[in-house]
> 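Mind looking over this structure? Questions follow.
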Amino acid sequence: MNRTQKRVRLRAGLTLLEVLISLAIFLGALTALSQLIGIGSRAAVQAQLRTQAILKCQSKLSEVLAGAQPLESVTQAAFEDEENWKWSLDVQPGAYENMLLLTVNVQYAGAGDTVTTSYQLTRQIRDPAMLLDAANTVESTTEMTLEEQL
């Protein structure tokens, strides 16, 4: 038997140094993966809250446009279904005559204010008071013409 064959036979296992290095690499990779999982789960929660904020904001603006909610400014009112969600409505004169600028802001503040999100939606509409005045004017002129015809 020559010397190279003896070395191969003697080297049947791993040295302690090789085991420690491989263990350190494994623990480093495991730590990095656990941090990535935490970042990913926080991003998923933020995305879900952002989607809910967008839907709640659109819903509240639709309620205002449909007349279910009065067309007046509101500050930090709670939603009926969840108290962590707050909404605000700001009604201002628009850029043009007989226009109103509606701004709906929805905010979420989680337990301990650690998770928060908000969304704002702005829309210009015609002033409903102007439309009612125009309708009343049309009615009064129609009645006068009928009386004049008789």
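No hydrogens, no waters, no symmetry mates; every other heavy atom, side chains included, goes into these values.
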> Measure the spacing between CZ of Arg123 and CG of Leu101 and express it to the nearest 0.5 Å.
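Nearest 0.5 Å value for the CZ-CG distance: 12.0 Å.
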> With distance as the sole test, does Ser88 use its side chain to make a donor-acceptor pair with the main-chain N or O of Gln76 at under 3.5 Å?
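Yes, because the side chain of Ser88 sits within donor-acceptor range (under 3.5 Å) of the backbone of Gln76.
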> Could you list who else is in Leu30's hydrophobic cluster, with ILVMFWY side chains joined at under 4.5 Å, directly or through other members?
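Grouped by the 4.5 Å side-chain rule, Leu23, Phe26, Leu27 form the rest of the cluster around Leu30.
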> What pair of heavy atoms forms the shortest contact from Leu89 to Pro70, and how long is it?
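It is CD2-O, 4.1 Å.
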> With rounding to the nearest 0.5 Å, note down the distance linking CD1 in Ile54 to OG in Ser59.
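One finds 13.5 Å between CD1 of Ile54 and OG of Ser59.
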> Leu102 pairs by side-chain contact (heavy atoms from CB on, under 4.5 Å) with which of Thr122, Leu121, Leu65?
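That would be Leu65; it is the only one of Thr122, Leu121, Leu65 passing the side-chain contact (heavy atoms from CB on, under 4.5 Å) with Leu102.
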> With rounding to the nearest 0.5 Å, note down the distance linking CH2 in Trp87 to CG in Asn105.
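Here the rounded value is 11.5 Å.
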> Are the side chain of Glu18 and the backbone of Thr15 linked by a donor-acceptor contact shorter than 3.5 Å?
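At least one qualifying donor-acceptor pair exists.
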> Not counting sequence neighbours, list each pair that qualifies as a salt bridge (Lys or Arg N to Asp or Glu O under 4.0 Å) and has a residue in residues 33-56.
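Qualifying pairs: Lys56-Asp81.
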> Enter the distance from Gln92:CD to Met99:CE here, rounded to the nearest 0.5 Å.
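So the CD of Gln92 and the CE of Met99 are separated by 14.0 Å.
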> Do Asn98 and Arg126 have side chains that get closer than 4.5 Å, going by heavy atoms?
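No. Closest side-chain heavy atoms not under 4.5 Å.
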> If you define the side chain from C-beta out and look only at heavy atoms, does anything of Leu100 sit under 4.5 Å from Pro128?
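Yes; the side chains approach each other to less than 4.5 Å.
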> Which of parallel (below 30°), tilted (30 to 60°) and perpendicular (above 60°) describes Trp85 and Phe79?
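Rings of Trp85 and Phe79: perpendicular, as their planes differ by over 60°.
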> Take Thr116 and Gln107, measure what side chain to side chain contact (heavy atoms under 4.5 Å, CB included) needs, and give me the verdict at the end.
CA-CA 7 Å; Thr116 60; Gln107 297 175 344; over 6 Å; no
> Out of curiosity, Tyr108 OH to Glu82 CD, how far, rounded to the nearest 0.5 Å?
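Taking OH in Tyr108 and CD in Glu82, the distance rounds to 7.0 Å.
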> Would you give the length of the straight line joining atom CD of Gln120 to atom OG1 of Thr103, rounded to the nearest 0.5 angstrom?
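With rounding to 0.5 Å, CD (Gln120) is 5.5 Å from OG1 (Thr103).
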> Should Gln58 and Leu55 be marked as a side chain to side chain contact (heavy atoms under 4.5 Å, CB included) after you check the CA-CA gap, both sets of side-chain angles, and the distance that decides it?
CA-CA 5 Å; Gln58 289 174 343; Leu55 291 173; 4.2 Å; yes
> For Glu63, enumerate each residue passing the salt bridge (charged side-chain N to carboxylate O under 4.0 Å, His left out) test, keeping only those at least two apart in sequence or located in another chain.
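Per chain and number, Glu63 pairs via salt bridge (charged side-chain N to carboxylate O under 4.0 Å, His left out) with Lys60.
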> Over all heavy atoms of both residues, which pair between Val19 and Ser22 is shortest? Give the atoms and the distance, please.
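Closest approach of Val19 to Ser22: O-OG, 2.9 Å.
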